[in-house]
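First comes the structure, then the notes that go with it.
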Amino acid sequence: MSDMRFNKITAEEAALMVQNGQTIGVSGFTPAGTAKCTPAAIARRAEQEHEAGREYKVSVYTGASTGPSCDGDLSNSHAIDFRAPYTTNGDFRKHVNLGELRYSDLCLSNMATQLRQGYLGKVHWAIIEACDIELAGSKARIFLTAAGGISPTLCRLATEGIIVELNAFHSKSSKGIHDVYEIEDHPFRTPVPITKASDRIGKPYIEVDASRIVGVIECDLPDEARAFKDADPVTTHIGQNVADFLLKNLREGLIPKSFLNLQSGVGSGANAVLGALGECEEVPNFNIFTEVLQDAPVHLMQEGRVLSASACSLTVTKECIQGIYDNIDFFKHRLVLRPSEISNCPEVIARLGVCALNTAIEVDLYGHANSTKICGTKMMNGIGGAADFINNAYLSIFTCGSTTKGGAISSIVPFASHIDSTNHYIDAVITEYGVADLRHKCDREKAREMIKVAHPDYRPLLEEYLTLAEKRGGHTPHVLSAAFAMHDTFQRKGDMRLTDFSEYIK
């Protein structure tokens, strides 16, 4: 049973504790497990303070993205001074691209470390969502809900105190699904003792001095997770191409017979790809070591296709998480949720042998990927954990549809307008048109592989560009005056399909 010998407060009372210029650290990883009441109350307070002519802004640190009641409400009320490390919220995106708030896009594996190193300043308040909280002598045990995030580090560093949102939506029966473990500070780090995805190395709760919990807010709110689109012909073809590619590597002995641990980025496309892999009978049963677990792999666990899953968050629909809680005896021994510095730990990823499956906005002819910026300037999403996995995986794969916006934008371009992941770490790019296997190829060979998976409408343009570039010479040939011609044409005309590159050649 929960021990409620803690100070019960309202979200409004919690918001009054948070002063202008302070930093709040919020639990969660994606909208899963994110504290919802207090950030929304802080946003309302900010509006009141602004109406009274007073300055009121806070800095916000989280494990990853959040939901509308945090990133959305806070940005719309102009309550954010600085934000890190990652977001996907549309309202927040709008205010970032208008230059109205400061945002730093960081790799998720490094967020907790940077906080402990002091690079990001003080954390004044930790605002943590819990399914239960217990007293054990002078200690309090905080049992997290649907995500690990950076909650252990936030609780340890918070100088003013910890606010707990006790959310009855999340079943107390899920206690034990978390494995809470913090990496030691430099220079005395020891190896993270995980050798298989299902290993548990920590505690099922965050332990803090009970005196540091300044208040407990009782609520009953579901996570603000987005529903995923059903698979369409493009994502279905991509999923099948991924499965075929992995099976080919399996038959050729390029990956172990026991198969690889799989990681998949977040989103409808990634969800569909994992679903397609699960449906392919030739793909062996597999384990998952990832950051975000979505609906498709949860269903595959129930079907026996996924043997175990390690993640940082359950970014699933309301119906899916309720199904997990209703069958917790089945899932508790097959599913483990970790802090993000463990789920995304480069050391562990490299040790386990992970096949990383991530999505890109665009990939250029030489295999450099842009995951975050539209036309190189407007933030779409943060880098998240993609680079953590891509740079350390046994096999690194990017997937994307060959076009977007009804064919007006090609996902394969001469030169990526922004680069998050370089071709040094990318093994393959897969679209609905096939696989560009970039391994053991020079840059010119990579370019020809990339053209093969571009949409047919854009292949002649890409071939023309490569021909012009090769005449200029170089290991990685480019015509710099024409490198962004397709992007420029899109910005001027709303469609990348220019006639030719002649007007850009200088």
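No hydrogens, no waters, no symmetry mates; every other heavy atom, side chains included, goes into these values.
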Within the distance-only criterion (no hydrogens, no angle test), does the side chain of S174 pair as donor or acceptor with the backbone N or O of S171 below 3.5 angstrom?
yes

What residue pairs, at least two apart or across chains, pass ring pair (Phe, Tyr, Trp, His ring centres under 6.0 Å) with a residue in residues 344-377?
Y366-H478

D295 side-chain N/O to T317 backbone N/O, donor-acceptor pair under 3.5 Å
yes

Assess the side chains of N76 and H95: does a donor N or O sit below 3.5 Å from an acceptor N or O?
yes

Donor-acceptor pair, N423 side chain versus I426 backbone, under 3.5 Å?
no

Any ion pair linking D179 and R338 (charged N to carboxylate O, less than 4.0 Å)?
yes

Mind running side chain to side chain contact (heavy atoms under 4.5 Å, CB included) on T153 and E341 for me, showing each step along the way?
CA-CA 10 Å; T153 298; E341 67 176 339; 4.2 Å; yes

To the nearest 0.5 Å, atom CD of Q491 lies from atom CD1 of I374 at 11.0 Å

Is there side-chain contact between C400 and T359, with at least one heavy-atom pair below 4.5 Å?
no

Does the plane of the ring in F259 sit parallel, tilted or perpendicular to the ring in F286? Use 30° and 60° as the thresholds.
tilted

Let me see the working for L246 and C355 under side chain to side chain contact (heavy atoms under 4.5 Å, CB included), right down to the final yes or no.
CA-CA 9 Å; L246 293 179; C355 174; 3.9 Å; yes

R439 and N249: side chain to side chain contact (heavy atoms under 4.5 Å, CB included), yes or no, with the steps?
CA-CA 12 Å; R439 296 171 297 181; N249 279 262; 2.8 Å; yes

Between CG on residue D388 and SG on residue C107, distance to nearest 0.5 Å
5.0 Å

To the nearest 0.5 Å, how far apart are CG in D495 and OG1 in T489?
9.0 Å

So, K248 and E252, do they make that salt bridge, N to O below 4.0 Å?
yes

Ignoring hydrogens and geometry, is there a side-chain-to-backbone donor-acceptor pair from R93 to T88 under 3.5 Å?
yes

Any V429 side-chain heavy atom under 4.5 Å of E449 side chain:
no

Minimum heavy-atom separation for E165 and P39, please, with both atom names.
OE2-CD, 3.9 Å

Are any of the side-chain heavy atoms of T87 and T62 separated by less than 4.5 Å?
no

I'd like to check the side-chain hydrogen bond (donor to acceptor under 3.5 Å, both in side chains) partners of E362; sequence neighbours left out, ordered by chain and number.
N370, S417, H487

Indicate whether the side chain of S264 and that of Q294 have a donor and an acceptor atom separated by less than 3.5 Å.
no

What one should report as the nearest heavy-atom pair of F398 and S371 is CE2-OG, 3.7 Å

If only atom types and distance count, is the side chain of S27 paired as donor or acceptor with the main-chain N or O of S151 below 3.5 Å?
no

Hey, is the main chain of C442 close enough, under 3.5 Å, to the side chain of E445 for a donor-acceptor pair?
yes

Which class fits the ring pair F92 and Y103: parallel under 30°, tilted 30 to 60°, perpendicular over 60°?
perpendicular

Taking every heavy atom of L438 against every heavy atom of M450, the minimum-distance pair comes out as CD2-SD, 4.1 Å

Would you say S75 and D91 are linked by a side-chain donor-acceptor pair, where the criterion is simply a distance under 3.5 Å?
no

Does a side-chain heavy-atom distance below 4.5 Å link F82 with Y61?
yes

Can you name the nearest heavy-atom pair linking G401 to I238, along with the distance?
N-CD1, 3.8 Å

Any side-chain heavy-atom pair from L221 and F169 closer than 4.5 angstrom?
no

Which is it for R459 and E463 under the salt bridge (Lys or Arg N to Asp or Glu O under 4.0 Å) test, yes or no, and what are the steps along the way?
CA-CA 6 Å; R459 287 177 199 167; E463 288 169 351; over 6 Å; no

Without swapping roles, check the side chain of R305 against the backbone of V283 for a donor-acceptor pair under 3.5 Å.
yes

Taking all heavy atoms of T431 and all of N241, pick out the closest pair and write down the distance.
O-ND2, 2.8 Å

Side-chain donor or acceptor of Q263 paired with backbone N/O of F389 under 3.5 Å
no

I'd like to know whether the aromatic ring centres of H178 and F143 sit less than 6.0 Å apart in this structure.
no

Should V479 and K506 count as side-chain neighbours, where that means a heavy-atom distance under 4.5 Å?
no

Is a donor from one side chain sitting under 3.5 angstrom from an acceptor on the other, for R497 and S410?
no

Only one of T34, L337, L314, L108 forms a side-chain contact (heavy atoms from CB on, under 4.5 Å) with F29, so which one is it?
L108

Can you find a side-chain donor-acceptor pair between T30 and T315 that sits under 3.5 Å?
yes

Step-by-step side chain to side chain contact (heavy atoms under 4.5 Å, CB included) determination, T113 to I183:
CA-CA 8 Å; T113 293; I183 295 177; 5.7 Å; no

Looking at OG1 of T377 and CG of N97, how far apart are the two atoms once the value is rounded to the nearest 0.5 Å?
7.5 Å

Looking at D223 and A32, would you say the former's side chain and the latter's main chain have a donor-acceptor pair under 3.5 Å?
no

Output the distance between atom CZ (F245) and atom CD1 (I255), rounded to the nearest 0.5 Å.
8.5 Å

Interatomic spacing from NE2 in H455 to CD1 in I409 - rounded to 0.5 Å:
13.5 Å

Does any non-hydrogen side-chain atom of S402 lie less than 4.5 Å from one of Y458?
no

Between T66 and D71, do the side chains contain a donor N or O and an acceptor N or O under 3.5 Å apart?
yes

Should the pair E129-K36 be classified as a salt bridge under the 4.0 Å nitrogen-to-oxygen rule?
yes

Pair S502-D500, side-chain donor/acceptor within less than 3.5 Å
yes

Looking at Y425, I want to see if its OH is surrounded by more than 12 non-hydrogen atoms of other residues, nucleotides or ligands under 6.0 Å.
no

With a 4.5 Å cut-off on side-chain heavy atoms, are K196 and N287 touching?
no

Are there more than 12 heavy atoms of other residues, nucleotides or ligands under 6.0 Å from atom NE2 of H237?
no

Heavy-atom donor-acceptor pair, K378 side chain to K94 backbone, under 3.5 Å
no

Check the pair S340, E291 against side chain to side chain donor-acceptor pair (under 3.5 Å), reporting the backbone distance first and the verdict last.
CA-CA 7 Å; S340 51; E291 54 182 351; over 6 Å; no

Closest non-hydrogen atoms of L462 and A454, given as atom of the first, atom of the second and distance, are CD1-CB, 3.6 Å

